[in-house]
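Just the heavy atoms: all of them, side chains too, but no hydrogens, waters or symmetry mates, feed the values below. Everything quoted here is computed from the prediction, not taken from an experiment. Throughout, protein chains are lettered first and strands after them, A, B, ... in sequence-line order, and every chain is numbered starting at 1.
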Protein chains: 2
Amino acid sequence: MGDAVGLRERKKLRTRRALIEAALRLFEEKGYEETTVAEITAAVDVSTRTFFSYFTSKEDVVFFDGEARVEAALKMIADRRPAETVVDLLLRVTSHSLDAVTDADLTVELTPARRHLITTVPALRARGLDLLFETQQRLAGALHRAYADELDPIEAAAAIGSLMGAAHLATTISMERGETPEQVWAAGRRAMEIAIRGLSSIG
Amino acid sequence: MGDAVGLRERKKLRTRRALIEAALRLFEEKGYEETTVAEITAAVDVSTRTFFSYFTSKEDVVFFDGEARVEAALKMIADRRPAETVVDLLLRVTSHSLDAVTDADLTVELTPARRHLITTVPALRARGLDLLFETQQRLAGALHRAYADELDPIEAAAAIGSLMGAAHLATTISMERGETPEQVWAAGRRAMEIAIRGLSSIG
DNA sequence: ATCATATTTGCATCCATTGCAAATTTGCAC
DNA sequence: GTGCAAATTTGCAATGGATGCAAATATGAT
């Protein structure tokens, strides 16, 4: 990612970065729907058309670091430790997946503001869910490959879907209830434990 | 739903139904993105503007029966049987959730064609995932209410998220592998069993 | 038949998105 | 340095979804 060899690449990276920062700032200041692509590009002083050669849509700019996060998780699964169980590996992956990642020389965490945008704005929420689901498909594939002898594709999918489905819904509901970040985090962990133990453990 | 008292209501129902049928037919014939709202309304002989007083967006017309399905599931959860376990109830709900439901006098099943559209067209897939997630939130709330003494909100969320997350990802991957409808159905059932037994049962 | 209300319709408008060809910039060879 | 080929940016036109609004219609109760 961080291979800015020539002037060309460096300039592109700078433009991309500037577009992301301007967009996120404007989205926070005046709201996503109230911000036009023209306003974003005006703030960076490039043409509107250029925006769409960097991002395929206005939504995309909010998920600029998604691919880096996914790749980090995929790598962890592919490089799994020899005797590690599926559950241990997945817990290790999820606990690291929230760390900051570097994308195109732009290191960012999933700030509360961004998280709020993604869960609040319908267009972003839908896009985020689509990306999340695609991620789950890729992780399930990687998990199957990493444990080819023990897990068939459906079992791998069930494992990823169950764990991530439980954690995602639980954290969302925790947030919706206005709980503190610590409580939200705890909700996610409890949900994963339930997924690991099985539903019958609570019925 | 089926209370078409006056001419007014009957006419509206007829228009709504005609719009849905024309839209689905056109989407199948020439593709979702290639079909304009103007073409749909032309086929029904109403103005383009009218379309948007029946549906909030072009995507919405594909999910016309979503609300009816969700309400059926919510009702089943609310009317749970006295001594029934959470797992038994949820299995009963999921096995019935695929039955045909009646929406505005229009009874429909989730045809393969419609399913294909929803999983294929990015805009529909994203919208469908948004609706599915919203459904999960509502089901989790209902489950918590139905088992208020046994499940707190987070546990209810973990249960719904785990079960539906596993089933959805497993069926999607099964479909993607080109498996038969029977195999897809079996994949969903296996995934739910794994969610119920717990991930540790496969590691 | 008539009036109040509910619907439909016809604009005008905004904005995201895309294709295309012209203009500009960059990297490299000479 | 110059000049050329390739990569980028830009301007422009066009498409299509979505919304607000006021005029035109249709409906139903008296």
Less than 3.5 Å between a donor and an acceptor, one on the side chain of B:R49 and one on the base of D:dG17, is that the case here?
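In this structure, the two groups form no donor-acceptor pair.
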Please check: side-chain N/O of [X] versus main-chain N/O of [Y], any donor-acceptor pairing under 3.5 Å?
{"X": "A:R127", "Y": "A:L129", "value": "no"}
{"X": "A:Q183", "Y": "A:T180", "value": "yes"}
{"X": "A:Y32", "Y": "A:E59", "value": "yes"}
{"X": "B:S53", "Y": "B:T50", "value": "yes"}
{"X": "A:R114", "Y": "A:V62", "value": "yes"}

Determine which bases of DNA chain D form Watson-Crick or G-U wobble pairs with both distances under 3.5 Å, and write the result as a 5' to 3' dot-bracket string with | for other-strand partners.
||||||||||||||||||||||||||||||
[X] side-chain proximity, nearest of [options]:
{"X": "B:T36", "options": "D:dG17, D:dG11, C:dT17", "result": "D:dG17"}
{"X": "A:K58", "options": "D:dT9, C:dC15, C:dT17", "result": "C:dT17"}
{"X": "B:K12", "options": "C:dT8, C:dC15, C:dT18", "result": "C:dT8"}
{"X": "A:Y54", "options": "C:dT9, C:dT17, D:dT9", "result": "D:dT9"}

Is the shortest side-chain heavy-atom distance between B:F55 and B:I20 below 4.5 Å?
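A side-chain contact exists here, since the closest heavy-atom pair is under 4.5 Å.
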Once you round it to whole Å, what is the distance between [atom2] of [N] and [atom1] of [X]?
{"X": "B:L19", "N": "C:dT8", "atom1": "CG", "atom2": "C1'", "value": "12 Å"}
{"X": "A:E9", "N": "C:dG27", "atom1": "CD", "atom2": "C1'", "value": "10 Å"}
{"X": "A:E34", "N": "D:dA18", "atom1": "CD", "atom2": "P", "value": "17 Å"}
{"X": "A:E33", "N": "D:dA18", "atom1": "CD", "atom2": "P", "value": "13 Å"}
{"X": "A:D45", "N": "D:dT9", "atom1": "CG", "atom2": "P", "value": "13 Å"}
{"X": "B:F55", "N": "D:dA18", "atom1": "CZ", "atom2": "P", "value": "12 Å"}
{"X": "B:E59", "N": "D:dA18", "atom1": "CD", "atom2": "C1'", "value": "11 Å"}
{"X": "B:D60", "N": "D:dG17", "atom1": "CG", "atom2": "P", "value": "14 Å"}

Within the structure, does a side-chain N or O atom of A:K11 lie under 4.0 Å from either OP1 or OP2 of C:dT25?
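So the side chain of A:K11 is outside the cut-off, no N or O lying under 4.0 Å from OP1 or OP2 of C:dT25.
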Tell me which of A:Y32 and B:T50 sits closer to the 5' end of DNA chain C, going by the nucleotide each one is nearest to.
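Here B:T50 is the residue nearer the 5' end.
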Carboxylate-amine/guanidinium contact B:D65 B:R69, below 4.0 Å
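Looking at B:D65 and B:R69, the cut-off is met.
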Under 4.0 Å, heavy atoms only, any strand: does B:T35 hit a base, just the sugar-phosphate, or nothing?
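If one applies the 4.0 Å heavy-atom cut-off, B:T35 turns out to touch the sugar-phosphate alone, with no base involved.
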What contact category does A:T56 fall into here, base, sugar-phosphate, or nothing, at under 4.0 angstrom with non-hydrogen atoms?
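Sugar-phosphate, no base atom in range.
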